[in-house]
2 protein chains.
Amino acid sequence: MSTLTQPRAAWRDRLRAAGLRVTAGRLAALDYLDDHPHSTAAEVLEGVAPALPSLSAQSVHNIVHDLTAVGLLRRVDLPDSDAARYETRTHDNHHHVQCVVCGRIEDVDCVVGHAPCLTPSQTHGMRILEAAVTFRGICPECEARTRDAAQEG
Amino acid sequence: MSTLTQPRAAWRDRLRAAGLRVTAGRLAALDYLDDHPHSTAAEVLEGVAPALPSLSAQSVHNIVHDLTAVGLLRRVDLPDSDAARYETRTHDNHHHVQCVVCGRIEDVDCVVGHAPCLTPSQTHGMRILEAAVTFRGICPECEARTRDAAQEG
DNA sequence: AGCGCTCTTTTGAGTGACTCAAAAGATCAC
DNA sequence: GTGATCTTTTGAGTCACTCAAAAGAGCGCT
Ligand SMILES: [Mn+2]
Ligand SMILES: [Mn+2]
Ligand SMILES: [Zn+2]
Ligand SMILES: [Zn+2]
């Protein structure tokens, strides 16, 4: 029932290409994150638990760390988030919108090339490598809920 | 020796205006953060300790939390940072550059109004409130150090 | 297919930022 | 000054994450 953009065979190849061994935990984590982007380590653990009950929390931390190091995963740090999040969509430097009410997170494509994001007004002499942009807002559902609550009040 | 942009009397007024009581801990934290922007709660504690040895870590957390809630402080969450940082420069929605090597943090003014920062390509229906932009790069000092090390190697 | 080196996972313990709650203390309106 | 209320302190606890050593699995090789 899952809609995986990357079949398992592809993950196997990419793991090997990165010099990493193919393990059940790594494949399960990649599958899960491909289907559930922006998940925390704890959510990955919970998500793969039915299929891989023996996988430990420590292993999930090892896995997301190692896969991020070789570029198979990307780590996303959002404000007001206690835990780091991970996704399989890497190397496109896309950004994120987050609803301040319900926490819903969505991707935002970066205007690549002529990037306003990559041209700060003052760089303090720093050579800029990348820009992490997090938009904070209110999603339609939460806005509607807020409106309804206001009308009753 | 400190170069405070806000004299103590001004902080007293702003605390009162916000409905908060004027306490030694709050004034000390505001003074320190005015002089040392982007400090963590632990750094604030260490910084005010000489003048206020009795102030507890818990109090510093209470203080930065409460002052952020009323807008006297702004909380800054940066990637790869274990602790939240705080600053007195609020309500101008400025951004930050961070050196990935030494961690040095500098302010970057936002191009207010015609903000590329505030106009994501896809909003997923969300009403955008603000954009948090963190530029990651290498500062001149770290770049020079890296170059020197490469020449020796 | 089986062996064995090496990498990975598990197990166990620990750190550090932050939170919650109740008691002691300070602020400020009166 | 006095008292109600807000703050700070004290004490304990949570949670993400880290470190390290032992157990286990992957895979190159024969
Ligand atoms: Mn994403
Ligand atoms: Mn700043
Ligand atoms: Zn929402
Ligand atoms: Zn630097």
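All chains are named by letter (A, B, ...) in the order of the sequence lines, taking the proteins before the strands, and each is independently numbered beginning at 1.
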Distance-only donor-acceptor test (3.5 Å): side chain A:R26, base C:dT8: no
Phosphate contact (C:dT10 OP1 or OP2) by A:S56 side-chain N/O below 4.0 Å: yes
A:S54 side chain near C:dT10 phosphate (N/O to OP1/OP2, under 4.0 Å): yes
Nearest of [options] to any side-chain atom of [X]?
X     : options                : result
A:Q58 : D:dT9, D:dA20, D:dC27  : D:dA20
B:T23 : D:dC17, C:dT27, C:dT6  : C:dT27
A:R75 : C:dA21, D:dC17, C:dC28 : D:dC17
B:R21 : D:dT7, C:dC7, D:dT8    : D:dT7
A:S59 : D:dA16, D:dT8, C:dT10  : C:dT10
B:L55 : D:dC27, D:dT9, D:dG26  : D:dT9

Please give, in whole Å, the distance from [N] [atom2] to [X] [atom1]?
X     : N      : atom1 : atom2 : value
A:D82 : D:dT14 : CG    : C1'   : 11 Å
A:L27 : D:dA25 : CG    : P     : 16 Å
B:E43 : C:dA17 : CD    : P     : 10 Å

Min side-chain heavy-atom separation A:Y86-A:T68 under 4.5 Å: yes
